[in-house]
Protein chains: 12
Amino acid sequence: MQGPNLNILGRRRPEVYGHTTMKQINDMVRARAEELSCELLIFQSNQEGVLVDYIHRYMGECDGVLINPGALTHYGLSLREALEAVEAPVVEVHLSNIHAREEWRRTSVISPVTLGQVVGFGPRGYVAALDLLLSYIAEQRPAGNG
Amino acid sequence: MQGPNLNILGRRRPEVYGHTTMKQINDMVRARAEELSCELLIFQSNQEGVLVDYIHRYMGECDGVLINPGALTHYGLSLREALEAVEAPVVEVHLSNIHAREEWRRTSVISPVTLGQVVGFGPRGYVAALDLLLSYIAEQRPAGNG
Amino acid sequence: MQGPNLNILGRRRPEVYGHTTMKQINDMVRARAEELSCELLIFQSNQEGVLVDYIHRYMGECDGVLINPGALTHYGLSLREALEAVEAPVVEVHLSNIHAREEWRRTSVISPVTLGQVVGFGPRGYVAALDLLLSYIAEQRPAGNG
Amino acid sequence: MQGPNLNILGRRRPEVYGHTTMKQINDMVRARAEELSCELLIFQSNQEGVLVDYIHRYMGECDGVLINPGALTHYGLSLREALEAVEAPVVEVHLSNIHAREEWRRTSVISPVTLGQVVGFGPRGYVAALDLLLSYIAEQRPAGNG
Amino acid sequence: MQGPNLNILGRRRPEVYGHTTMKQINDMVRARAEELSCELLIFQSNQEGVLVDYIHRYMGECDGVLINPGALTHYGLSLREALEAVEAPVVEVHLSNIHAREEWRRTSVISPVTLGQVVGFGPRGYVAALDLLLSYIAEQRPAGNG
Amino acid sequence: MQGPNLNILGRRRPEVYGHTTMKQINDMVRARAEELSCELLIFQSNQEGVLVDYIHRYMGECDGVLINPGALTHYGLSLREALEAVEAPVVEVHLSNIHAREEWRRTSVISPVTLGQVVGFGPRGYVAALDLLLSYIAEQRPAGNG
Amino acid sequence: MQGPNLNILGRRRPEVYGHTTMKQINDMVRARAEELSCELLIFQSNQEGVLVDYIHRYMGECDGVLINPGALTHYGLSLREALEAVEAPVVEVHLSNIHAREEWRRTSVISPVTLGQVVGFGPRGYVAALDLLLSYIAEQRPAGNG
Amino acid sequence: MQGPNLNILGRRRPEVYGHTTMKQINDMVRARAEELSCELLIFQSNQEGVLVDYIHRYMGECDGVLINPGALTHYGLSLREALEAVEAPVVEVHLSNIHAREEWRRTSVISPVTLGQVVGFGPRGYVAALDLLLSYIAEQRPAGNG
Amino acid sequence: MQGPNLNILGRRRPEVYGHTTMKQINDMVRARAEELSCELLIFQSNQEGVLVDYIHRYMGECDGVLINPGALTHYGLSLREALEAVEAPVVEVHLSNIHAREEWRRTSVISPVTLGQVVGFGPRGYVAALDLLLSYIAEQRPAGNG
Amino acid sequence: MQGPNLNILGRRRPEVYGHTTMKQINDMVRARAEELSCELLIFQSNQEGVLVDYIHRYMGECDGVLINPGALTHYGLSLREALEAVEAPVVEVHLSNIHAREEWRRTSVISPVTLGQVVGFGPRGYVAALDLLLSYIAEQRPAGNG
Amino acid sequence: MQGPNLNILGRRRPEVYGHTTMKQINDMVRARAEELSCELLIFQSNQEGVLVDYIHRYMGECDGVLINPGALTHYGLSLREALEAVEAPVVEVHLSNIHAREEWRRTSVISPVTLGQVVGFGPRGYVAALDLLLSYIAEQRPAGNG
Amino acid sequence: MQGPNLNILGRRRPEVYGHTTMKQINDMVRARAEELSCELLIFQSNQEGVLVDYIHRYMGECDGVLINPGALTHYGLSLREALEAVEAPVVEVHLSNIHAREEWRRTSVISPVTLGQVVGFGPRGYVAALDLLLSYIAEQRPAGNG
C-alpha cells in the first residue's frame with residue numbers, strides 16, 4: 001500500500017526521493033512477489049479513509065501488509081487503528097531516512113502497530129521489506145501448512 | 001454518526017471494543033429513537049471529509065448530533081469545525097474508557113465543541129447519549145412547540 | 001458521592017452549574033434508585049480524606065460507586081487510590097463540559113480508574129450514570145444470582 | 001483565613017518566615033479591623049476541606065476574604081472553587097516573596113480568582129491587604145449605604 | 001483552492017468569519033483574475049486527499065496556487081507535501097486573524113512551504129493574495145516570455 | 001512604522017531580504033498613499049521605547065497603523081501594548097516568510113493585537129498591506145463620512 | 001518609577017486599567033510621601049535603557065524603589081539586573097491582577113529581585129506599596145538613625 | 001506515620017502491595033522499636049490536614065519521623081512543609097518500587113525534605129528505615145547523652 | 001558494585017559525601033556479608049562498559065546485585081539493560097539524598113529495573129541494602145533449599 | 001558492529017530478543033557476506049569508547065558499517081560522531097521494534113547519521129541490512145571499478 | 001561594545017563581577033589594542049536600540065566586533081540581527097561563568113551569530129577575546145594585504 | 001585533556017573542524033606551556049571512564065585542567081563529577097562554535113563545574129585557554145609561593 005503523494009514519485013523533489021516512479025517501484029515489488037510465488041495487491045490513495053476502506057475489505061484474507069504511509073505516518077491515527085485491527089504483520093517502509101530530516105518526521109504514529117520498519121534505502125527498501133515480511137509469515141505458519 | 005474503523009466493530013480487537021457489531025449498535029439506537037418518536041439518520045465513514053460533507057448536508061435541519069469520532073477524536077480538526085458550525089447540540093460517545101488507555105487517547109479535539117460526553121460504557125453508552133441529547137433538546141425547545 | 005463545593009450547588013456560579021441544588025440532584029438520583037429497587041447511600045464532603053474514609057467503610061459491601069469528585073478530579077490522588085482499591089465499578093459524573101473550560105480542567109486523575117464518565121449533561125447526567133452503572137453491574141452478575 | 005502550617009508560625013523556619021507568631025499577626029489584623037470598625041472572623045485550619053466548609057458557612061454574609069493559603073496556594077483547587085463561589089472580593093497574602101524561592105512556589109492556583117495579592121512584606125502585608133480590601137469594598141458599595 | 005468547511009461560509013459562525021459566502025468570494029477572485037487576464041481554476045473539498053489529487057492533476061501546468069486550507073492548516077501534512085511538490089509559488093490565505101484565537105490555531109504546518117501568507121482581512125485578503133501571487137510570478141518569468 | 005534593523009535594508013543579508021532599501025520601500029508606500037489620497041507618516045527606530053513614544057504621540061489621531069516590527073516581533077511586549085492601546089486597526093508586514101526560517105521566528109507577540117498580517121511578499125507586501133488597511137478603514141467608517 | 005505605556009494610563013483600555021491617569025497616581029503617591037516626610041523622585045519612560053540609566057544615576061543615594069515595570073515585567077532582564085544592583089529594597093506594583101489575564105502575564109522576571117509585590121488593587125496599590133516600602137526601610141535602619 | 005489508604009493494606013491491590021496488613025506492619029515496627037528501647041507513636045490518617053496537625057502536636061518533642069505518605073507523596077505540599085518545619089530527620093518509606101510503575105509516581109514532593117528513602121522492599125523496608133533513622137539520630141547526639 | 005568516581009570517596013566533596021572512603025564502605029559491607037555467611041564480590045569501575053562486562057561474567061551465578069551507579073544513575077542505559085538481563089534482584093544505593101540536590105539528579109534510569117532503593121543514609125545505607133537484599137532472596141528461595 | 005549487551009543475546013530477555021545468540025547472528029551475516037564475496041569484520045564491545053576506537057582504526061578502509069548500537073542508540077553521542085566521521089554509509093539494525101516499547105526507546109541519536117534503519121525483524125534484519133548496504137555501495141561505485 | 005549595566009561594574013554585585021570597573025577593563029583592552037597597532041572604538045549603552053544604531057554606523061568599516069551584551073544576551077534579538085548584518089566576526093565575552101548561575105542565563109540568543117565566546121575569565125577574558133579576534137582577522141585577510 | 005573523536009582531528013569533517021590534527025594542537029599547547037615554564041600532561045581517550053581514571057590519578061597534584069570533552073560535553077556526567085572532584089580550576093575548550101550548530105550541542109553538562117569556556121576559535125582557542133588558566137592560577141596563589 002502506498003500513502004499520499006507517492007503517486008507522483010519521480011516528479012516530486014527528486015533530490016530527496018530519487019527519480020524512480022511509483023510504477024517502477026510497484027513493478028519491482030510485483031516481480032519479487034512473483035519470484036516468491038506470493039499473491040500481491042497494490043493500492044495507492046491520497047485519502048486516509050480510502051486506505052482504511054481498502055484495509056477493511058481484505059481484513060482476514062491477507063497474510064501481511066507492506067505500507068509506505070507517506071505523510072500519514074505522522075498523524076494518520078485512523079490508518080493506525082485499521083492496521084492494528086488487521087491482526088496480520090505490517091511492515092512500514094520509507095524511501096528517505098526520515099530521521100535525518102525535519103524534527104516532526106521523526107515521530108511515527110504507525111510504527112508502534114507494525115512488526116518493523118525499513119527506512120532510508122529508496123526503492124530497494126520495498127523489496128527487502130517484502131522479503132522480511134514473507135520470511136516472518138513463513139516462520140509463523142505451522143509446518144504442516146507449508 | 002460513526003467515525004473511522006467503527007464499521008468493523010465486533011471483529012476489531014474484541015478484548016477492547018467487545019463483540020457487538022456496528023449494525024447491532026445502530027439497531028439499538030434506532031429502536032430507542034423509535035420508542036421516543038424521534039427521526040434518526042445513521043451514517044458511517046472512514047473519511048473525515050465525507051463526515052464533514054454529511055454534516056453540512058443536514059446543517060440547519062437536524063436538532064442534534066450523536067457522534068463517535070473514532071480516531072478522528074484526536075486530530076480531526078476539520079470535523080471539529082463542521083460540528084461547531086452545526087449550532088445544534090453534539091454528544092460524543094466512546095465505547096472504551098479512553099482515559100485508561102494510551103496517553104494520546106486522553107486528548108480530544110472534539111470535546112470542546114460538544115454538549116457532553118458519554119465514555120466507557122460500550123454500546124449501552126449510545127442509548128444513554130441519545131436519551132441525554134433528546135432531553136436536552138426538549139428542554140431547550142419553547143413549550144408551545146412541543 | 002459528591003466532592004468539594006457540590007453542597008453549595010445552585011448558589012455557586014449558576015451560569016456554569018445551573019440552579020438545581022445538590023439536594024434536588026440527590027432526590028432525583030434517589031428516586032431513580034428506588035424505581036430500580038437499588039439501595040443507595042449518598043454522601044458529600046469537602047475533605048478528600050473524609051471521602052476516602054467513607055469509601056473504605058463500604059469497601060467490599062457496595063456493588064458500584066457514582067462520584068462527582070469536584071475539583072479533586074484534577075489532583076485527588078488519594079481519592080483515586082481509594083476508588084481503585086474498591087474493586088467495584090466507578091462512574092465519574094461532571095455537571096459541566098469540563099473540556100470546554102480552562103485547560104487544567106481537561107486532565108482528570110480519577111478517570112483512569114473508572115469504568116466510564118458522563119460529562120456535561122447537568123443533573124440529568126447523574127441519573128444516566130446511575131442507569132449505566134446498574135446495567136453494567138447486572139450484566140456482570142452471574143445469571144443465577146439475578 | 002490562614003492555611004496549613006500557619007498555626008506554627010514563629011517556630012517554623014524563622015529565617016524565612018520571621019519570629020512573629022500567627023496569634024500576633026491575628027492580633028495586628030484584629031486591631032486594625034477594630035480601628036476601621038469592621039467585623040472580622042479569624043480562622044485557621046491545616047485541612048483544605050475544613051477551610052472550604054468555613055467559606056461556605058459565611059457565603060453571602062461576608063463582604064470580603066483575606067487569605068494566606070499556605071502550601072494550598074499551589075494545588076488547592078477545591079479551595080479555589082470555594083473562593084470563586086463566594087462572589088465577594090478575595091485578597092491573597094504571602095509572608096515571604098514566593099517568587100524568590102523554589103520554582104514551584106511561583107505558580108498560584110488561587111491568584112486567578114482573587115482581586116489582588118500582597119506578597120513578601122511579612123506580617124505587615126496582612127494589615128496592608130486588609131486596608132486595600134476594605135477600601136475596595138467601600139468603593140463598590142452604593143453611596144447611600146455608606 | 002478552498003479547504004474543509006469553507007463551502008458553508010456565511011452560514012458558519014458569522015461573528016468570526018463574516019456573512020460573505022464562498023461563492024461570493026470565488027466571484028470576487030474570479031473577477032479580479034479576469035481583470036488581470038489570468039486563468040483561474042477554483043476548487044473546494046472537505047477531504048484532504050481530494051485536494052491532494054486535485055493538486056497532482058495540475059502539477060507542472062499551473063503557475064501558482066492560492067489556498068485557504070481551513071482546519072487542515074494545523075495538521076494536513078499530506079496537503080503540505082503535495083503543495084511542496086508543486087514547485088510553483090503557494091500563497092496561504094486566512095479570513096480571520098488566526099493569531100488572535102485559540103492557541104492551536106497559531107501553528108500552521110502549511111506556512112513553511114508557502115511563499116507567504118495574507119491573514120485576517122476577510123474576503124478582501126483573497127484578492128490581495130491573488131495580486132501578490134501574480135506580481136511574484138510576473139517578476140520571476142524571463143522578460144521575453146511576457 | 002519600521003522596527004529595528006530595517007534602516008539598513010538592502011545592505012543586510014540581501015539573500016534573505018533582497019536589495020531594495022528602506023527608502024525605496026517607503027517611497028513605494030508613500031506613492032501608493034498619495035494615489036489613494038491618504039495622509040501617511042513614516043517612522044523608523046531601532047529602539048522599542050522610541051517606537052512606543054511615537055505611537056503614543058499619534059494615538060487617537062491616526063486611523064490605522066502599518067508596521068514591520070523587525071526582531072521586536074518576537075519579544076516586544078511594550079510595543080504590543082502600545083499598539084493595543086491605539087484602538088485603531090494595525091497591520092503587520094514581514095518581508096520574508098518568517099514561517100520558513102528558524103523556529104523562534106514563528107512566534108509573534110504582535111500578531112494577536114493586529115487586524116491581520118501580510119508575510120513573505122517582500123516590498124510589495126507593504127503596498128498590499130496599505131491597501132487592505134485602507135479598505136478596512138473605509139468600510140468601518142459610517143457611510144455619511146465618505 | 002513607571003514603565004512603558006503607563007504614561008497613557010486613563011486613555012488605555014480603561015476596562016482593564018481604569019480611568020485614573022498616571023499624573024493622578026503620581027499625585028496620590030507624592031501626597032502620601034509628603035505626609036510621611038519622605039523625598040520622592042518620579043520617573044516614567046517607555047525605554048528600558050532609559051529606566052536603567054535613571055536607576056544607575058541614583059544608585060547608592062536612594063533607600064528604596066517603587067516600580068510598575070509595565071510590559072517589561074515579562075522580559076526586561078536589563079531592568080532586572082539594574083534593580084538587583086541597586087541593593088536597596090524594590091517593591092513591584094501592578095494595577096490589574098496579572099494572574100487573572102493571559103498566561104504570559106503570570107511570569108515576572110522582576111519579582112525575584114524585589115522585596116515584594118502589590119498586585120491588582122489599581123492606583124491604591126501604589127500608596128500601599130509606598131507605605132510597605134517605607135515601613136520596611138524604617139525597620140532595617142539602626143535605631144540611632146531614626 | 002501512615003498516609004492515605006494505608007489503613008486498608010492487605011485488602012488493597014495485593015498483587016502490588018502484598019497481603020500484610022497495616023496492623024501487622026505497625027506491630028513489626030513496634031517490636032523493633034521495643035528491641036531498641038525507643039519510644040514510638042503510630043498514626044494513620046486519610047486526611048492530609050490531620051497528618052499535619054499530628055506533626056505539629058509533637059514538633060520539638062520527637063527525634064525523628066518515619067513516614068509512608070501514600071498518594072500524598074505526589075502532591076501533599078502542606079505535609080511537606082509540616083515535615084520541613086519539624087527540624088528532625090524524616091525517613092520516607094514506600095512498599096512498592098514507585099519508579100517501576102506509572103510515570104506520575106516517580107515524582108515525590110516529600111523526598112527533598114527528608115534524610116533519605118527506603119523504597120520497594122515491602123513491610124521489611126519499614127524496619128530497615130527505623131534502624132537507619134535511629135542510627136542517624138544516635139550519631140548526631142552528643143556523646144555524653146548516649 | 002560501585003560506579004564512577006566512588007573510588008575517590010572520602011577525598012571527593014566531603015561536605016556532600018562524607019569522609020568515609022570506598023575501602024571503608026567495602027569493609028563494612030564485607031563484614032556484614034561474613035556475619036550472614038553470604039559470598040560477596042566487590043567491584044568498582046569508572047567505565048560503564050567494564051561494569052557491564054562484569055555483570056555478564058556472573059550472570060546466572062549470582063543471587064542478587066547491590067549497586068551504587070554513581071553518575072551513571074542518570075544516563076547509563078547500557079548498565080540498565082545489563083542489570084535487567086541478570087534476572088536477579090538488584091538494589092540501588094545512594095550515599096546522599098539525590099532528591100534534595102540538583103534537578104537532574106532526581107531522575108534515575110536504573111530504578112525501574114531494580115527491586116528497590118536505599119537513598120540518603122551514607123555508608124550505613126549499603127549495609128541496610130545488603131540486609132534487605134538477602135532477606136528478599138531468602139524469602140523467594142523454596143523452603144527445602146534453606 | 002554490535003553494541004552493549006548484544007554479547008549475551010539468547011540468554012537476555014528471550015521473550016523480547018528471541019533465543020538466537022550473537023554468535024549465530026554473526027555466522028548468518030558472515031555466511032551471507034561470503035556468498036556475496038564481501039570482506040566482513042565483526043566486533044562487539046560493551047564500551048562506547050572501544051567501539052569508537054575500532055571505528056577509527058578502519059576509517060578510510062571500510063566501505064560501509066552495519067551496526068546495532070544496543071542501548072547506545074539513545075545516548076551514545078561519541079559513537080554518533082565517530083560514525084559521522086567515517087564518511088562511509090552506516091546502516092542501523094534493531095532486533096525488536098523499538099517503536100512499540102518504552103517511550104525513551106523511540107529516540108535514536110544514531111539514526112540521523114545513518115543511511116537507513118532496519119528495525120524489528122530479529123536476526124533476519126541483519127542479513128537484509130547487509131544486502132541493502134552492499135547494494136547501495138555497489139551503486140555508488142563508478143562502473144569501471146565493478 | 002558593552003551592554004546594559006556594565007557601566008556600573010565594580011559597584012554592582014562585586015561577589016559575582018569583581019571590583020574592576022568598566023573604565024579599567026576598557027583601559028586594559030585599549031592598551032592591548034595599542035600594543036597590536038589596532039584601532040579600537042569603545043562604546044557602552046543601556047539601550048538595545050542605541051547599541052544597534054552604533055553597530056549600523058560602523059557597518060562595513062570595522063573588521064570585527066568584541067561585545068559583552070550584558071542581560072541582552074538572553075533576549076536582545078534586535079541586537080542579534082544587527083550583529084548578524086555586520087558580516088564581520090563577532091566575539092562574545094562574559095565576565096562570569098554564565099553556565100554556573102541561574103538556568104535562564106544559560107541560553108544566549110547572541111552566540112549563534114558570533115565567531116566564538118570567551119566566558120568566565122573576568123576582565124582578562126576581554127584581552128584574550130581581542131587577541132583571538134585579531135588573529136582570526138589576520139588569518140582571513142589575503143596575504144598580500146599583511 | 002582531549003575527549004572522544006579528537007584523535008582523528010584533521011581527517012574528521014574538516015569543513016567543521018579544520019585541517020589541523022590533534023598532534024599539531026598538542027604541539028602548539030606544549031610549546032606555549034614551555035614558554036611559560038609550566039609542566040603539562042597531555043592525554044586523549046575515546047572512553048569516558050578512562051578520562052575519569054586519568055583525572056583521579058592526578059587529583060591533588062595538578063593545578064588546573066584544560067579539557068575539550070568532545071561529545072561527552074552533552075552527556076558525560078561521570079566526567080563532570082570527576083572534574084568537580086578535582087577542586088582545581090577547569091577550562092573547557094571547543095574548536096567550533098557549538099551554539100551555531102544543532103540544538104542538542106548547545107547544552108553542556110560540563111560547563112557548570114568549570115571556571116570558564118573558550119568556544120569557537122579553532123586550535124588557537126587552546127592556547128588562549130591555557131594562558132587564561134595559568135593567569136588565573138598565578139593570581140590565586142599566595143604571593144610568597146610565586
Original post:
Do you know which of J:G120, J:S135, J:A128 has the most heavy-atom pairs under 4.5 Å to chain A?
Top reply: J:S135
Original post:
Given that the side chain runs from C-beta out, which part of A:S96 has a heavy atom under 4.5 Å from chain J: side chain, backbone, both or neither?
Top reply: neither
**OP:** Flag yes if more than 12 heavy atoms outside A:E39 fall under 6.0 Å of its CD atom; otherwise flag no.
**Re:** no
Original post:
Among A:T114, A:L133, A:V113, A:V127, who wins on heavy-atom pairs under 4.5 Å with chain J?
Top reply: A:T114
**OP:** Report the distance from atom CD of A:E92 to atom NE2 of J:H99, rounding to the nearest 0.5 Å.
**Re:** 7.5 Å
Original post:
In Å, rounded to the nearest 0.5 Å, how long is the span from CD of J:Q117 to CD of A:Q117?
Top reply: 8.5 Å
Original post:
Would you find a donor on one side and an acceptor on the other, under 3.5 Å apart, between the side chain of J:N97 and the backbone of A:P112?
Top reply: no
**OP:** Give the C-alpha distance, both sets of side-chain angles, the deciding distance and a yes or no for side chain to side chain contact (heavy atoms under 4.5 Å, CB included) between A:V119 and J:V118.
**Re:** CA-CA 6 Å; A:V119 177; J:V118 178; over 6 Å; no
Original post:
Going from CZ on J:R106 to CZ on A:R106, what distance comes out if it is rounded to the nearest 0.5 angstrom?
Top reply: 11.0 Å
